[in-house]
Amino acid sequence: MYLKQVELENFKSFGGKLTVPFMEGYTAVTGPNGSGKSNITDAILFVLGPKSSKAVRAGKLTDLIFDGGKSKNKASYTKVSLVFDNTDRLMPWDDDVVRLTRHVKLSDNGVDYSSYFYVNDRKSSMTEFDSLLLKARISADGYNLVQQGDVTRIVQMGAIERRRILDGISGIASFDADIDKARAERSDATDNLERISIITEELSHDLTKLDKERKDAQSYLTAKGDLDVANAQLSIRRLQIEESKIQTLRSNMERIDSESQAIREKKAESEKEIVEVAGNIAATEAEIAEKIGPEYKEIKDKITQSLIDIATSRNRKEKAEEDRKESEGFKESYESSIAANNEEIARLEESMKEAAEKLAGLKSDKAAVVAEESDISKKISETGGEHKQLQDRIEQIDKDSKVLSQALRDASSAHAAAEKEETDASNDLSQQVERIGSLDFEIKDYKWSLEQMKAEAGPNLDDIRKRMTQVRSQESVLERQVKDLEEAYKKRESEYNSIQIDKRASEKANRGSMAVEAILGLRNKGQMSGIHGTVQELATVDKEYETALAVAAGGKMQAVVVDNDQVAADAINYLKKERLGRVTFLPITKMMGGKPRAKAIMSVKDSIGYAIDLIDFDEKYRNVFWYVLSDTLVVKDMDTARRIMGGIRIVTLQGEVIEASGAMVGGTISQQNILKFGAASEDKLAEAGERMRKAKDALDSAKAALAKTRDEYRSLGTELGTASSSGKAISDKMAEIKGNIAQLEKSKAEVLKKQTECRDRLQKATAALTDARQALDKAQADMDALDNEREAVKARIAEIAPVELQNRMQGVRDRIYALTESISSIALDISTDESEANGLKKQNESYEIQLKSTLASI
């Protein structure tokens, strides 16, 4: 795998799109200082995602966006893609080419930003980036990129630190971290699996019990069906009784209705009496009013109304006083503005008056000079025809000049007005921008205060409650596990006790067989290998056939099964040496099997089956159990045994034995003294004890975890109470700050709306100013063209006119030109002052309307 190319778009000094290819092996990027070589490395680091933005030489990510330079606009986003050749699948992605793209986009406010990640143009996340790069052993904070100073630092560092770097580059460190994490997860999973396995094992044991309960439930459902029928019959009988009661109630209701009717009639009579009494009361009141006089009632009503009016007036007065103070402030402001505008208007009108007087004098002077010019021109015209034509052209140019002068003054006035409007709109926009900046600062200040208060308030109540919910859920799970493990432990304890009781019974039955116990002791202590155990230990039997098979096996149940005859010989030598007694040994390799006799085969259909088929054992012991039981048949009772006896060995379920010879053995059997297959050995008892211990350990572990969880829940409850009490005041302050932030956000929205309006107004004013400037430039150009033409005509006249008249004409024209320029300048000043005065007058009109409204409210 290698990096094929880097694709940049609006990154740092690279405006637009740029692709930098890389070949296999070494690729050099050269260029003068400041050409952007280091920015290519920054682009690679930017995608790899270093822990700090300083690694890509930027204060923040938005500093990486192309700023436009000197001649272009700033970009609104930057995007960089690293294209890797992945044909060797070192990066765990099923593509020959993997493109990792990072995209940072500015928000509309120009401050905030959003960051996006893509793998082969599919939306991704930083986590997925880290995972892919980690598997490929690539890291922005590692040594995939060796920068200035890294080589020197690696050479000078110690061996241990250098080894850590090599482990990180080779991926060993990440594997070690994965191994540690996996071991921790495995340990937790193992503990949980052990608990679950104990519970699962007990549940499987419960299936048999549940099957019996299912049968009982079916019987219950049958009985319940019969009960439901009986209940239905009972319900019908009760329904009949209730219908009889309803009939009785209906009769009672009819009687009560008649009684109610009588009561209603009585009530109507009482209401009639009440009306009469009310009339008497009204008459009495009228009589009282007549005796006292109408003045009393009027005075009383006036007093009541006066109290109401006083309270209302007091409220109005307080409100009016507040409005008056506010209106007085507005009044003073408006009056001050109007006075200032009036002073400016007076100054402008005085200036215009002085300019008008000066303009009149200049026009008078110009008229005299023009008359003199006309006189000279007349004298010059007498000298030739061409001069007459040139003179006529001069006169036409003068006429056109007057028209263009007026147009120029109008264009200049319009330009001045547009320029003022553009300046006002720009100032208003600047004020709105400044206001927004102020609001943003206040909002950020409040938000900073809010964050500080959050830090002072301590843990977040919602976070504590969320943690309490999680801990409560974990507690419920552990409580269920503890309950299940307690049941499992009780069952395993019962199993252990049962095996222990069976072992004691077996030991009691085997008491005196010191030889067998000695041989089993050699096995248990590991002093002799190849000893499997007694026949009694190596098989299990259903409860139903336990007595029959134990009697059928008889003393052979104490025979010891071994691997081969050598083990048997060594054990016999041991018994001789220690003088412990005798034992029957059954070498597996030497035991012979057999087949049922003909009489047994003929009689098996009348029996339960062969004894060897009713016992459970490992198939490798089949020849051993053939020796013990051979073709013995198991029958139900003595009558069946007597019917088929003769030539075959038979045992009944009650324990009577009939030998093939015809001998019959029977009577009472002590269940306490009888040997039983599957009797507990030390190994089985140890296994049961181990299972019980595991269940106890799992139960203790679960209880400890439950206690820890409950302690954590109580601690969180205490923490919640402390946070609730101590953070109440801070919460109130935080609520107040949030309210202030909301109000400021609302004000900001209103200012943003005004800013938009000011921006629109500025755009219109700028457009109007551009149009006015173009009109002014055109008028000035036309005026310049006429002046140039006038100068050309004057030059030609000077060539053909007499010298003395030319000099006089030149002097006159210079005076006319100077007077014309002065007149135009003064006229322009008058027009500008007039426009400004008119604007101030309109502003005063607006102020006066608002002032009248304010005075009216006062």
Side-chain angles (χ1 to χ4, degrees), residues 181-224 227 459 461-505 540 542-543 678 680-724:
K181 181 180 178 182
R183 282 175 177 168
E185 293 176 352
R186 178 185 176 185
S187 177
D188 294 340
T190 301
D191 293 341
N192 202 26
L193 281 173
E194 185 173 355
R195 296 176 191 169
I196 294 172
S197 64
I198 293 171
I199 297 171
T200 304
E201 184 178 346
E202 296 307 320
L203 291 175
S204 64
H205 292 164
D206 291 342
L207 286 176
T208 304
K209 180 181 177 182
L210 290 173
D211 184 60
K212 182 177 181 301
E213 291 177 354
R214 181 180 66 84
K215 294 178 181 178
D216 294 341
Q218 289 175 343
S219 301
Y220 164 77
L221 290 174
T222 302
K224 185 176 182 299
L227 178 62
L461 296 181
D462 292 336
D463 292 342
I464 296 176
R465 293 190 185 100
K466 185 177 180 181
R467 287 167 56 196
M468 290 181 72
T469 302
Q470 293 173 348
V471 172
R472 176 65 77 183
S473 175
Q474 185 180 2
E475 181 184 11
S476 300
V477 172
L478 288 172
E479 284 177 347
R480 288 195 298 270
Q481 283 192 359
V482 167
K483 183 179 179 181
D484 294 339
L485 288 171
E486 284 178 343
E487 294 179 0
Y489 173 72
K490 289 178 181 178
K491 290 180 180 179
R492 292 195 173 185
E493 185 181 31
S494 176
E495 177 190 7
Y496 177 82
N497 293 335
S498 176
I499 293 174
Q500 192 175 42
I501 291 170
D502 289 344
K503 184 175 183 303
R504 288 175 180 173
T540 57
D542 288 346
K543 192 74 174 178
S681 63
E682 275 305 325
D683 289 345
K684 288 186 179 181
L685 185 64
E687 289 175 3
E690 179 65 17
R691 288 196 298 272
M692 183 177 69
R693 183 190 62 74
K694 287 182 177 180
K696 184 68 168 61
D697 290 344
L699 177 61
D700 292 342
S701 174
K703 285 182 175 179
L706 179 60
K708 182 179 179 182
T709 302
R710 286 173 175 168
D711 290 341
E712 183 179 0
Y713 186 81
R714 284 191 291 271
S715 176
L716 287 172
T718 303
E719 186 178 353
L720 179 64
T722 303
S724 298

Rounded to the nearest 0.5 Å, how far does CD of Glu712 lie from CE of Met468?
10.5 Å
For Ala705, is there any backbone N or O sitting under 3.5 Å from a side-chain donor or acceptor partner on Thr709?
yes
Within the supplied structure, the quantity of interest is the number of heavy atoms (other residues, nucleotides, ligands) at a distance under 6.0 Å from Arg183 CZ; does it exceed 12?
no
Take Lys708 and Asp711, measure what salt bridge (Lys or Arg N to Asp or Glu O under 4.0 Å) needs, and give me the verdict at the end.
CA-CA 5 Å; Lys708 182 179 179 182; Asp711 290 341; over 6 Å; no
Hey, is Lys696 close enough to Glu486 for a salt bridge, meaning N to O under 4.0 Å?
no
Can you measure from CD (Gln218) to NZ (Lys224) and round to the nearest 0.5 angstrom?
15.0 Å
Any ion pair linking Glu475 and Arg480 (charged N to carboxylate O, less than 4.0 Å)?
no
Calculate, to the nearest 0.5 Å, the distance between atoms CG and OG belonging to Leu706 and Ser701 respectively.
11.0 Å
The reported gap from CZ in Arg710 to CD in Gln474 (rounded to nearest 0.5 angstrom) is 12.0 Å
Side chain Ser473, main chain Thr469, donor-acceptor under 3.5 Å:
no
Ignoring hydrogens, what is the shortest heavy-atom contact between Ala698 and Leu485? Give both atom names and the distance.
O-CD1, 3.5 Å
Determine, for Lys694 against Asp697, whether the closest basic-nitrogen to carboxylate-oxygen distance falls under 4.0 angstrom.
no
